[in-house]
Colleague: 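Next up is a structure, given as structure tokens.
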Amino acid sequence: MHYIFPFAYFFIFIADLGMAVFVLVLNRKSRLNILFALYSIGTALCAFCYTVLFLSSARESAFFWIWLSSIISSVTIPISIHFFLVLTEKTKLLKKAWIYLLLYLPAVFLLIMGIRGERFVKDMVAAPLGWLLVPADDLAVLIAFLYFTVGGLAAILQILFWRNSRSSNLMRKKQSNAIIIGLFLTISSVVLFEYLLPRILNTPLPSSSYVSAFFYSTSIFYAIVKYRLMVLNPQSAAENILMTMSDALLLISSENRIVSANTEVAKIFHRKQSDLIGMDVSTLFSQISLFQKETLEQLYKNGPIRNSEIEIRFSSRIIPLSVSVSPITDRNKLWIGNVAILRDITERKEAEAKLSEQNRLLDQQNKQMMNDLKIGQSIQQSLLGDVPKKLGNFLFFLEQHPFAEVSGDFYDFFEVSDRKVFFLLGDVSGHGVSAALITTMAKTIFNAVVRGDLSTAEVCRAFNRKLTTELRDSNFYITGIVLKIDLEDNTIEYTNAGHTLPYFYKKEANAVEKLSTENMMLGLIDANYSNKFISLKKGDKLILYTDGLYEVKNGRDEQYLNYFDKDFLETACGETKNLSRVLFEKAKTFAEGNTFDDDVTILSIEW
């Protein structure tokens with residue numbers, strides 16, 4: 001007698017029983033564990049039947065053991081499919097009664113057939129390596145056998161492939177792949193031992209079906225151990241989390257003793273984990289009142305402590321920690337200890353200190369810059385000077401509101417004689433310090449080119465020529481309007497160089513005229529300029545302004561430009577003095593709290 005097959009099957013019997021015991025010891029309440037254990041016990045019993053089968057010398061004895069194994073296997077296969085339905089979380093399907101009929105009703109049918117004496121095996125033939133099985137001719141038996149073997153394997157493969165396609169979890173894919181490989185090894189070994197080798201060796205071989213099935217069981221067991229196919233034991237899972245979490249974690253008993261500490265605690269305190277167990281936690285945190293026994297006892301009444309910051313001191317360094325401590329209670333709500341989570345926040349504290357220093361330096365630089373800007377504002381204001389309140393019959397009202405501390409708007413008032421006065425209102429492109437510096441240069445140039453015998457057009461041409469030279473390497477330009485006021489005949493000569501159009505209110509006609517001479521902006525290219533004249537009578541009003549006034553928007557994203565004409569006419573036709581102030585307040589009201597995005601300068605000239 002050859003002992004190859006008996007030995008192989010007996011080894012499978014022991015291994016399958018061992019796997020069943022393993023999963024049940026880990027967690028006997030898990031539905032997955034129970035199903036896998038039942039499957040393993042079933043295959044183990046079948047393997048045992050085959051062990052005795054190959055050791056039997058009598059034909060009738062062999063028939064008995066093959067009959068018994070066929071009855072056991074008829075239940076084992078649906079348990080295997082049931083296992084995979086639970087594994088792949090087909091919860092809705094498993095709530096249906098018909099799925100259990102589909103799984104187990106054929107098994108009941110085969111059991112009844114087996115009890116009645118109907119067999120999957122027609123005959124047993126003795127051979128050198130052991131008993132050879134001759135399949136039954138009964139069609140019903142053959143269909144039932146194919147249903148379970150081929151149909152069962154196909155169903156399991158389909159479930160696994162579906163799980164792989166639906167899951168984005170890498171661990172789940174590895175689990176499924178391990179079992180799929182085991183299934184293919186099972187199928188391949190069946191083809192090899194049952195069909196190919198007998199033909200290659202030209203001799204029939206005993207059945208090795210449960211040797212092949214062992215690949216399948218082993219693949220599931222491998223997935224359990226290697227890829228944590230299921231939560232086998234809540235306690236082992238909790239211990240794994242405790243030991244692998246990135247924060248330091250302490251379990252403290254009601255006697256203030258350390259029950260468990262993970263590797264992060266050992267790293268912080270430079271001690272072995274084994275040395276920490278059983279230590280009084282107040283000794284470990286000798287300088288921290290939080291870990292005194294009285295404080296920890298009070299947590300049960302007062303509630304947990306969240307993210308409290310402490311420092312532990314060693315001889316050469318200080319480690320800042322963020323600490324959270326919560327009480328632990330048993331099933332009867334009695335306090336049995338505490339859990340403490342410690343996080344080393346050294347890097348965060350260093351980053352905060354670095355950021356604080358950077359903020360301090362930035363604040364210092366900002367204060368210095370603001371101080372410089374205030375000095376610049378004072379200097380710019382002194383350079384701009386004051387506008388006279390009254391000259392001849394003319395009243396002058398000025399409103400200036402810089403966007404920042406210094407302004408890109410500027411003005412100049414220049415008396416060329418007792419009778420004639422030049423006035424310039426300009427707006428440098430952009431705003432801020434750069435624009436403010438350009439205003440200083442522009443004011444100086446304007447003072448250099450103004451002469452009493454020149455027209456406003458001639459002044460603009462000379463002014464522009466010098467500006468173009470000075471600004472040729474920059475992106476700046478200036479819009480402006482130049483007035484030449486004759487205080488005796490009450491006329492104003494003007495040249496508008498690309499500036500916003502002044503509004504001229506004629507009281508006699510109760511009408512508004514916009515003053516334009518369609519000239520080039522200043523500082524871009526050499527150009528000629530034209531001029532025009534207006535005469536003022538009692539009650540007439542002229543207003544000059546920069547574009548910051550009408551570009552302001554309200555909460556509905558509407559520009560004041562759309563309402564400026566109406567507000568000017570309504571205000572100008574009244575007896576209001578200081579039209580500049582009134583129009584600026586109207587613009588502020590329209591803005592509904594929105595800030596002006598540019599410098600605003602308004603000059604009103606009123607008779």
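This is a predicted model, so every value here is computed, not measured.
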Colleague: Quick one: list whatever passes ring-ring contact (aromatic ring centres under 6.0 Å, His included) with Phe291, sequence neighbours left out.
Modeller: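 Per chain and number, Phe291 pairs via ring-ring contact (aromatic ring centres under 6.0 Å, His included) with Phe285.
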
Colleague: Any ion pair linking Glu311 and Lys349 (charged N to carboxylate O, less than 4.0 Å)?
Modeller: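 Salt bridge between Lys349 and Glu311, a charged N being under 4.0 Å from a carboxylate O: no.
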
Colleague: Would you call Glu264-Lys267 a salt bridge at under 4.0 Å N-O?
Modeller: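 Lys267 and Glu264: salt-bridged.
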
Colleague: Decide yes or no for Leu362 and Gln365: does some side-chain heavy atom of the first lie under 4.5 Å from some side-chain heavy atom of the second?
Modeller: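 They are in contact (side-chain heavy atoms under 4.5 Å apart), so the answer is yes.
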
Colleague: Looking at Asn531 and Glu493, would you say the former's side chain and the latter's main chain have a donor-acceptor pair under 3.5 Å?
Modeller: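 No.
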
Colleague: Show your working on side-chain contact (heavy atoms from CB on, under 4.5 Å) between Thr546 and Asp598 and close with a plain yes or no.
Modeller: CA-CA 9 Å; Thr546 54; Asp598 201 355; over 6 Å; no

Colleague: Pro304 and Ser326: which non-hydrogen atoms are nearest, and at how many Å?
Modeller: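 Taking every non-hydrogen atom into account, CB-OG, 3.4 Å.
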
Colleague: So which heavy atom on Val459 is nearest to which on Val450, and how close?
Modeller: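 Heavy atoms of Val459 and Val450 come nearest at CG1-CG2, 4.1 Å.
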
Colleague: Suppose we screen for ring-ring contact (aromatic ring centres under 6.0 Å, His included). Which residues come up paired with Phe397, at least two apart in sequence or across chains?
Modeller: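 With sequence neighbours excluded, Phe397 shows a ring-ring contact (aromatic ring centres under 6.0 Å, His included) to no residue whatsoever.
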
Colleague: Is it true that Phe596 and His401 have ring centroids separated by less than 6.0 Å?
Modeller: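 Distance test on ring centres: not under 6.0 Å, no.
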
Colleague: Quick one: does Asp363's side chain have a donor or acceptor within less than 3.5 Å of a partner on Asn359's backbone?
Modeller: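 Between the backbone of Asn359 and the side chain of Asp363 there is no qualifying donor-acceptor contact (under 3.5 Å).
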
Colleague: Here's a test for you: under side-chain contact (heavy atoms from CB on, under 4.5 Å), which of Asn256, Leu299, Leu250 qualifies with Asn338?
Modeller: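 The side-chain contact (heavy atoms from CB on, under 4.5 Å) with Asn338 is passed solely by Leu299 among Asn256, Leu299, Leu250.
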
Colleague: Heavy atoms only: give me the nearest Leu454-Phe422 pair and the separation to one decimal.
Modeller: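 What the structure gives for the nearest pair is O-CZ, 3.5 Å.
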
Colleague: With sequence neighbours left out, what residues match Arg271 under side-chain contact (heavy atoms from CB on, under 4.5 Å)?
Modeller: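 Testing Arg271 for side-chain contact (heavy atoms from CB on, under 4.5 Å), a comparison that skips the adjacent residues, returns Phe269, Leu276, Met279, Leu284.
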
Colleague: Does atom CZ (Arg348) have a neighbourhood of more than 12 heavy atoms from anything else shown, all under 6.0 Å?
Modeller: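 Yes, because the 6.0 Å sphere around CZ of Arg348 holds more than 12 heavy atoms from other groups.
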
Colleague: Report the distance from atom CG of Asp565 to atom OH of Tyr550, rounding to the nearest 0.5 Å.
Modeller: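 Going from CG on Asp565 over to OH on Tyr550, the span is 11.0 Å.
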
Colleague: Has Arg465 got more than 12 heavy atoms of other residues, nucleotides or ligands less than 6.0 Å from its CZ?
Modeller: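 Atom CZ in Arg465 is packed in, count exceeds 12.
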
Colleague: Are more than 12 heavy atoms, taken from residues, nucleotides or ligands other than Gln358, located less than 6.0 Å from that residue's CD atom?
Modeller: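 Yes, enclosed.
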
Colleague: Would you say that Leu603 contacts Phe423 through its side chain, given a criterion of any heavy-atom pair below 4.5 Å between the two side chains?
Modeller: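 Heavy-atom side-chain distance check passes, below 4.5 Å.
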
Colleague: Indicate yes or no: at least one non-hydrogen side-chain atom of Ile438 is less than 4.5 angstrom from one of Met441.
Modeller: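 With C-beta onward as the side chain, the pair touches.
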
Colleague: Looking at Lys354 and Glu350, is any side-chain nitrogen of the basic one under 4.0 Å from a carboxylate oxygen of the acidic one?
Modeller: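 Looking at Lys354 together with Glu350, the answer is no, because their closest N to O distance does not fall below 4.0 Å.
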
Colleague: Determine whether Thr456 and Tyr529 satisfy the following criterion, side-chain contact (heavy atoms from CB on, under 4.5 Å), listing intermediate values before the conclusion.
Modeller: CA-CA 8 Å; Thr456 55; Tyr529 291 84; over 6 Å; no

Colleague: When you look at Arg360 and Glu357, which way does the salt bridge (charged side-chain N to carboxylate O under 4.0 Å, His left out) test go after all the steps?
Modeller: CA-CA 5 Å; Arg360 187 189 67 79; Glu357 177 62 17; 2.7 Å; yes

Colleague: Verify side-chain contact (heavy atoms from CB on, under 4.5 Å) between Ile268 and Leu321, making sure each step is shown before the conclusion.
Modeller: CA-CA 10 Å; Ile268 291 174; Leu321 298 173; 4.0 Å; yes

Colleague: Do Arg556 and Glu592 sit within salt-bridge range, that is, some charged N less than 4.0 Å from a carboxylate O?
Modeller: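 Judged by the 4.0 Å cut-off on N to carboxylate O distance, Arg556 and Glu592 do form a salt bridge.
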
Colleague: Would you mind reporting whether Tyr560 and Lys586 have side-chain heavy atoms less than 4.5 Å apart?
Modeller: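 They are in side-chain contact.
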
Colleague: Measuring only between side-chain heavy atoms, which start at C-beta, is Arg451 closer than 4.5 Å to Val416?
Modeller: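 Arg451 does not reach Val416 side chain to side chain.
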
Colleague: Kindly indicate whether the side chain of Leu561, heavy atoms from C-beta on, has any atom under 4.5 Å from the side chain of Glu551.
Modeller: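 Not in contact.
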
Colleague: Distance from Asn510 atom CG to Lys506 atom NZ, nearest 0.5 Å?
Modeller: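 So the gap between those two atoms works out to 12.5 Å.
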
Colleague: Could you check if a side-chain atom of Phe463 sits within less than 4.5 angstrom of a side-chain atom of Leu424, using non-hydrogen atoms only?
Modeller: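 Yes; the side chains approach each other to less than 4.5 Å.
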
Colleague: Taking everything shown except Tyr477 itself, do over 12 heavy atoms lie less than 6.0 Å from its OH?
Modeller: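 No, the 6.0 Å shell around OH holds no more than 12 heavy atoms from other groups.
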
Colleague: State plainly whether the residues Lys466 and Glu470 are in salt-bridge range, i.e. N to O under 4.0 Å.
Modeller: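 Between Glu470 and Lys466 there is no salt bridge, as every charged N stays at least 4.0 Å from the carboxylate O atoms.
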
Colleague: Hey, is the main chain of Asn307 close enough, under 3.5 Å, to the side chain of Ser324 for a donor-acceptor pair?
Modeller: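 Yes.
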
Colleague: For Asn496, does its backbone N or O pair with a side-chain atom of Asn519 as donor and acceptor, under 3.5 Å?
Modeller: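 Checking the backbone N and O of Asn496 against the side chain of Asn519, a donor-acceptor pair under 3.5 Å is found.
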
Colleague: Do the two ring centres, one from Phe564 and one from Tyr545, sit under 6.0 Å apart?
Modeller: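 Yes - the distance between ring centres of Phe564 and Tyr545 falls below the 6.0 Å cut-off.
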
Colleague: Compare every heavy atom of His499 with every heavy atom of Leu425, then report the nearest pair and how far apart it is.
Modeller: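 Closest heavy-atom pair between Leu425 and His499: CD2-NE2, 4.0 Å.
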
Colleague: Kindly compute the distance separating CG (Leu398) from NZ (Lys389), expressed to the nearest 0.5 Å.
Modeller: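 With rounding to 0.5 Å, CG (Leu398) is 8.0 Å from NZ (Lys389).
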
Colleague: Looking at OG of Ser254 and NZ of Lys293, how far apart are the two atoms once the value is rounded to the nearest 0.5 Å?
Modeller: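 One gets 7.0 Å once the value is rounded to the nearest 0.5 Å.
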
Colleague: Between Asn262 and Asp247, is there a donor-acceptor pair closer than 3.5 Å when you use the side chain of the first and the backbone of the second?
Modeller: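 Here the side-chain-to-backbone pair exists.
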
Colleague: List in chain and number order the residues that pass ring-ring contact (aromatic ring centres under 6.0 Å, His included) with Tyr563, two or more places apart in sequence or in another chain; answer none if no residue qualifies.
Modeller: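 In terms of ring-ring contact (aromatic ring centres under 6.0 Å, His included), with neighbours along the sequence ignored, Tyr563 is linked to Phe590.
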
Colleague: Counting only heavy atoms from other residues, nucleotides and ligands, does the tally under 6.0 Å from CG of Asn562 exceed 12?
Modeller: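 Correct, the count exceeds 12.
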
Colleague: Just checking Phe396 against Phe413, ring centres under 6.0 Å apart?
Modeller: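 Aromatic pair counts; centres sit under 6.0 Å.
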
Colleague: Would you mind reporting whether Lys484 and Lys420 have side-chain heavy atoms less than 4.5 Å apart?
Modeller: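 Yes - at least one pair of side-chain heavy atoms lies under 4.5 Å apart.
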
Colleague: Would you confirm whether Asn490, through its side chain, and Ser535, through its main-chain N or O, come within 3.5 Å as a donor-acceptor pair?
Modeller: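 Looks like no, no N/O pair under 3.5 Å.
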
Colleague: What is the distance from atom CD of Glu518 to atom OG of Ser530, rounded to the nearest 0.5 Å?
Modeller: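 The OG atom of Ser530 is 8.0 Å from CD of Glu518, to the nearest 0.5 Å.
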
Colleague: Would you name the heavy atoms of Gln273 and Ala261 that are closest together and state the gap between them?
Modeller: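 Nearest heavy atoms, Gln273 then Ala261: NE2-O, 2.8 Å.
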
Colleague: State which residues pass side-chain contact (heavy atoms from CB on, under 4.5 Å) with Glu347; sequence neighbours excluded, sorted by chain then number.
Modeller: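 Partners of Glu347 under the side-chain contact (heavy atoms from CB on, under 4.5 Å) test: none.
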
Colleague: For the pair Phe568 and Leu579, evaluate side-chain contact (heavy atoms from CB on, under 4.5 Å) and give the outcome as yes or no after the intermediate values.
Modeller: CA-CA 9 Å; Phe568 175 76; Leu579 189 60; 3.4 Å; yes

Colleague: Check this for me: Asp418, atom CG, are more than 12 non-hydrogen atoms of other residues, nucleotides or ligands nearer than 6.0 Å?
Modeller: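 12 or below, so no.
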
Colleague: Measuring from Ile258:CD1 to Ser282:OG, what's the distance to the nearest 0.5 Å?
Modeller: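 Answer rounded to 0.5 Å: 9.5 Å.
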
Colleague: Closer than 3.5 angstrom, by distance alone: can the side chain of Ser356 be matched with the main-chain N or O of Glu352 as a donor-acceptor pair?
Modeller: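 No, because the side chain of Ser356 does not come within donor-acceptor range (under 3.5 Å) of the backbone of Glu352.
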
Colleague: Please identify each residue that fulfils salt bridge (Lys or Arg N to Asp or Glu O under 4.0 Å) with Asp567, with sequence neighbours left out.
Modeller: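 For Asp567 there are no salt bridge (Lys or Arg N to Asp or Glu O under 4.0 Å) partners, ignoring immediate neighbours.
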
Colleague: Within a reach of under 6.0 Å around CE of Met520, are more than 12 heavy atoms found that belong to other residues, nucleotides or ligands?
Modeller: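 Check fails, neighbour count at 12 or below.
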
Colleague: If I compare all heavy atoms of Glu399 with all of Phe584, which pair ends up nearest, and what's the gap?
Modeller: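 So the two residues come closest at OE1-CD2, 4.3 Å.
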
Colleague: Counting only heavy atoms from other residues, nucleotides and ligands, does the tally under 6.0 Å from CD of Glu508 exceed 12?
Modeller: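 Not more than 12 within 6.0 Å, no.
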
